A.B. asks: 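Have a look at this one before I ask anything.
Here the structure is a predicted model, which is why all the values come from computation and not from measurement. Letters A, B, ... mirror the listed sequences (proteins, then strands); counts begin at 1.
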Protein chains: 2
Amino acid sequence: MSLPHAILTALLEKPSSGLELARRFDKSIGYFWSATHQQIYRELGKLEQDGLIRALPAGAPARGQKKEYEVLPAGRDALTAWVSGSDAPRPVRDPLLLRLRAAAVVGTGGLEEELRRHLDLHRSQLAEYRAIEERDFPPERDGEEDRLRHAVLRGGIGLETFWTEWLAETLTALGERNEEKERKRRQ
Amino acid sequence: MSLPHAILTALLEKPSSGLELARRFDKSIGYFWSATHQQIYRELGKLEQDGLIRALPAGAPARGQKKEYEVLPAGRDALTAWVSGSDAPRPVRDPLLLRLRAAAVVGTGGLEEELRRHLDLHRSQLAEYRAIEERDFPPERDGEEDRLRHAVLRGGIGLETFWTEWLAETLTALGERNEEKERKRRQ
DNA sequence: GGCTGTTATGCAACTTGTTGCAAAAGGGGG
DNA sequence: CCCCCTTTTGCAACAAGTTGCATAACAGCC
């Protein structure tokens, strides 16, 4: 239910072709709702059929020919309705937590290296978000739109902060355990 | 790729029937990898076909008849391999963040109420996790398995903590804005 | 014996997301 | 002019997750 609304949002910000949307997803909306170009093309087709968007008139529409879309009033209305609707929070779904749980049963075979790898990735994502924050949200910008966009970015920052802290803690906890084992073995 | 491994883990912890698994998912593994009974039955079938688990012998297997499964050595091996494998961190996928972003374009129509509702839900989930922590992880328990399971739980606690803090902050930020508007209107 | 409720397994159809590849247009470079 | 590369759109097949419903055993009850 979310992808069509993600696309409507992106198209309202700026009318675009499928490929442009795919590229923009990769570096902004995709930070919290990713999509492949395939999904995007399919969804654009549906949205057009449902009369929520339309292709901008541009000669003969053909394969390999760029096709720009813009949002129709019905599309804007649908998005507005979705924003003020109500939904359950997404349940957590994380394979890494699952792997830790499995490790409690079959043993941690090299899992620590994986934790360190993830820690690095989350740290660099966090750094990227902080750079965006400094660039796009200086203290003087303070319209309602800015606050909302900033809140979203703070969400990303908060999540990455959580992961870096949790991974660091967990590595410490497992590391200590290993040191204990070493000590016992040497006795 | 994760569901079969979630099931293997649960079955190693205790051999069970499909429905028992579904119930256990609802109150432990499901906290970070949920699954419906449908998914579970389908996956049990596949795992049995692949020779990773087997049904415990119990009379005539028929519809409506309980069928217990246990993990075979090949299943344990597969799980071990998965634990020590490598995977990219899950990209964030959250409709609420998306709705905020959309709200920056079409306006926040009653979205604050939704934020408050989510805040309540996350608070009570957090309380539930903390209760589990006190019950299951007193300071003296400190085997490797306990540390791993505790780390997973701390993950859940950290995530819920993040959400409650972020939601509270965001509500404050939006509230202030509304107060400003009120003030201007009254001038 | 037949009704009802619970436990348990499962099929079918659908939606959403992923992967691999094909096809059309257009722009150089030799 | 032809070949190759890039851009752009798209099909097809699959994997994963959801929803609604059917089926069977069993137990209690009147």
A.B. asks: Does K14(A) have more than 12 heavy atoms from other residues, nucleotides or ligands lying within 6.0 Å of its NZ?
C.D. replies: yes

A.B. asks: How long is the line joining CD of Q39(B) and P of dG10(C), in whole Å?
C.D. replies: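 The answer, rounded to whole Å, is 16 Å.
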
A.B. asks: Does a side-chain N or O of K46(A) approach OP1 or OP2 of dT15(C) to a distance below 4.0 Å, or not?
C.D. replies: no

A.B. asks: How long is the line joining NZ of K66(A) and P of dG10(D), in whole Å?
C.D. replies: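 After rounding, the reported distance stands at 14 Å.
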
A.B. asks: Please give, in whole Å, the distance from dT7(C) C1' to L21(B) CG?
C.D. replies: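 Distance check: L21(B) CG to dT7(C) C1' gives 15 Å.
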
A.B. asks: Mind calculating the distance between NE2 (H37(B)) and P (dT23(D)) to the nearest angstrom?
C.D. replies: 16 Å

A.B. asks: Quick one: on DNA chain C, does A35(A) or R42(B) contact a more 5' nucleotide (nearest heavy atom)?
C.D. replies: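 Looking at the nearest nucleotide for each, R42(B) comes out on the 5' side.
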
A.B. asks: Nearest whole Å is fine: how far is dG10(C) P from L19(B) CG?
C.D. replies: 11 Å

A.B. asks: Find the distance L44(A):CG to dT8(D):P and express it as a whole number of Å.
C.D. replies: 14 Å

A.B. asks: Whole angstrom is fine here: how far is it from CZ in R24(B) over to P in dT7(C)?
C.D. replies: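 Going from CZ in R24(B) over to P in dT7(C) covers 18 Å.
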
A.B. asks: Report yes if a side-chain nitrogen or oxygen of Y41(B) is closer than 4.0 Å to either non-bridging phosphate oxygen (OP1 or OP2) of dG10(C); otherwise report no.
C.D. replies: no

A.B. asks: Does a salt bridge link R23(A) with E20(A), judged by any charged N lying under 4.0 Å from a carboxylate O?
C.D. replies: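 Judged by the 4.0 Å cut-off on N to carboxylate O distance, R23(A) and E20(A) do not form a salt bridge.
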
A.B. asks: Side-chain donor or acceptor of Q38(B) under 3.5 Å from a matching atom on the base of dG17(D)?
C.D. replies: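 For Q38(B), whose side chain was compared with the base of dG17(D), there is no donor-acceptor pair (under 3.5 Å).
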
A.B. asks: Mind running side chain to side chain contact (heavy atoms under 4.5 Å, CB included) on R101(B) and Y31(A) for me, showing each step along the way?
C.D. replies: CA-CA 12 Å; R101(B) 171 84 176 236; Y31(A) 286 143; over 6 Å; no

A.B. asks: Looking at E144(A) and R147(A), does any basic side-chain N land under 4.0 Å from a carboxylate oxygen?
C.D. replies: no

A.B. asks: Using the ring of each side chain (for Trp, its six-membered ring), is H118(A) parallel, tilted or perpendicular to H122(A), with breaks at 30° and 60°?
C.D. replies: tilted

A.B. asks: Does the base of dT8(D) carry an N or O that pairs as donor and acceptor with the side chain of R23(A) under 3.5 Å?
C.D. replies: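 A donor-acceptor contact between them is absent.
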
A.B. asks: Would you mind reading off the distance between R90(A) atom CZ and dT16(C) atom P, rounded to a whole angstrom?
C.D. replies: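 Taking CZ of R90(A) and P of dT16(C), I get 11 Å after rounding.
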
A.B. asks: Out of dA16(D), dT9(D), dG10(C), which nucleotide sits closest to the side chain of M1(B)?
C.D. replies: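 Per side-chain heavy atoms of M1(B), the pick is dA16(D).
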
